[in-house]
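First comes the structure, then the notes that go with it.
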Amino acid sequence: MTSPSGPSESRDPSDPQGGPGRPGQWGPGDASGGAYGAPAAPPYAEPARPARGNGLAVAALVLGIAAIVLFWTVFGGIVLGLVAIVLGALGSRRARRDGAPRRGMAITGVVLGALGLIAGGLILALGVSFLNSDSFKSYSDCVKHAHSTADRRQCADDFSHRTTGN
């Protein structure tokens with residue numbers, strides 16, 4: 001074996017007096033230790049893990065807000081609400097399992113999506129019940145048989161009196 005001080009010198013690892021450049025020196029290039037007895041750095045450094053984002057959480061929040069704002073439409077309340085709930089649940093699970101950030105954002109997206117879904121469902125149910133009501137069916141029949149604009153206007157007046165009670 002050779003020492004770091006030169007190729008012709010022999011090294012005695014048991015020599016406690018070995019200093020820099022002298023036989024017995026554990027030099028900076030040795031695999032058994034670092035410079036002057038300090039522990040050696042690992043032969044390779046583990047690459048830093050990139051910070052994982054949580055795009056699912058962000059998408060859930062954005063869609064949840066859109067579901068709340070557009071709850072009065074079938075697409076806005078029901079479809080966006082459902083998608084926000086699914087993405088929020090997946091984002092929350094990713095945050096819990098993998099340590100991804102923004103778990104609170106994912107949960108907020110789920111809550112807003114659920115509120116949009118409920119509100120959209122209520123609006124849809126009210127609309128369907130209104131369209132299936134007897135009053136609306138009689139108005140529809142009246143308009144269908146009306147021959148002039150004045151007849152249609154009369155149908156609208158009759159319908160408004162029936163629904164408001166005036």
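Values below: all heavy atoms of this structure, side chains included; hydrogens, waters and symmetry mates excluded.
- A search for side chain to side chain contact (heavy atoms under 4.5 Å, CB included) contacts involving S148 returns A150, D151, not counting sequence neighbours.
- V79 is connected to V111 through a chain of hydrophobic side-chain contacts under 4.5 Å among Ile, Leu, Val, Met, Phe, Trp and Tyr, so both are in one cluster.
- Here disulfide (SG to SG under 2.5 Å) pairs that include residues 105-141, with residues two or more places apart or in two chains, number zero.
- Applying the under-4.5 Å side-chain rule to Ile, Leu, Val, Met, Phe, Trp and Tyr, the cluster around L126 consists of that residue alone.
- Applying the side-chain hydrogen bond (donor to acceptor under 3.5 Å, both in side chains) criterion to S140, with sequence neighbours excluded, gives no partner residue.
- Taking each heavy atom of F136 and F130 in turn, the nearest pair found is CB-O, 3.4 Å.
- Residue pairs meeting the disulfide (SG to SG under 2.5 Å) criterion with at least one member in residues 107-161, sequence neighbours excluded, are C142-C155.
- Contacts of F75 classified as ring pair (Phe, Tyr, Trp, His ring centres under 6.0 Å), with partners at least two apart in sequence or in another chain: none.
- Residues K137 and N132 share a closest heavy-atom pair of CE-O, 3.7 Å.
- Follow the hydrophobic side-chain contacts under 4.5 Å out from L115 and you reach M105 in the same cluster.
- Each of I68, V69, L70 was evaluated against L80; a single residue qualifies, L70, per the side chain to side chain contact (heavy atoms under 4.5 Å, CB included) test.
- When all heavy atoms of G109 and A84 are compared, the closest pair comes out as O-CB, 3.8 Å.
- Legend: side chain to side chain donor-acceptor pair (under 3.5 Å) pairs involving residues 103-128, not counting sequence neighbours, sorted by first then second residue: S92-R103.
- By the neighbour-count criterion of 12 heavy atoms within 6.0 Å, atom CG of D134 is sparsely surrounded, having that number or fewer from other residues, nucleotides or ligands.
- Atom CG in L90 sits 9.0 Å away from atom CZ in R97 (nearest 0.5 Å).
- Not counting sequence neighbours, F71 has no partner by the ring pair (Phe, Tyr, Trp, His ring centres under 6.0 Å) test.
- Residue pairs satisfying the disulfide (SG to SG under 2.5 Å) criterion with at least one member in residues 57-109, sequence neighbours excluded, are absent.
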Enumerate, atom names and distances included, each donor-acceptor pair closer than 3.5 Å involving a side-chain atom of residues 55-67, sequence neighbours excluded.
none

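- Other members of the hydrophobic cluster containing I85, listed by chain and number, are V74, I78, L82, L117, L124, V128; membership follows side-chain contacts under 4.5 Å among ILVMFWY residues, whether direct or relayed.
- Residues satisfying the salt bridge (Lys or Arg N to Asp or Glu O under 4.0 Å) test with D98, not counting sequence neighbours, are R52.
- A distance of 9.5 Å separates CZ of R152 from OH of Y139, quoted to the nearest 0.5 Å.
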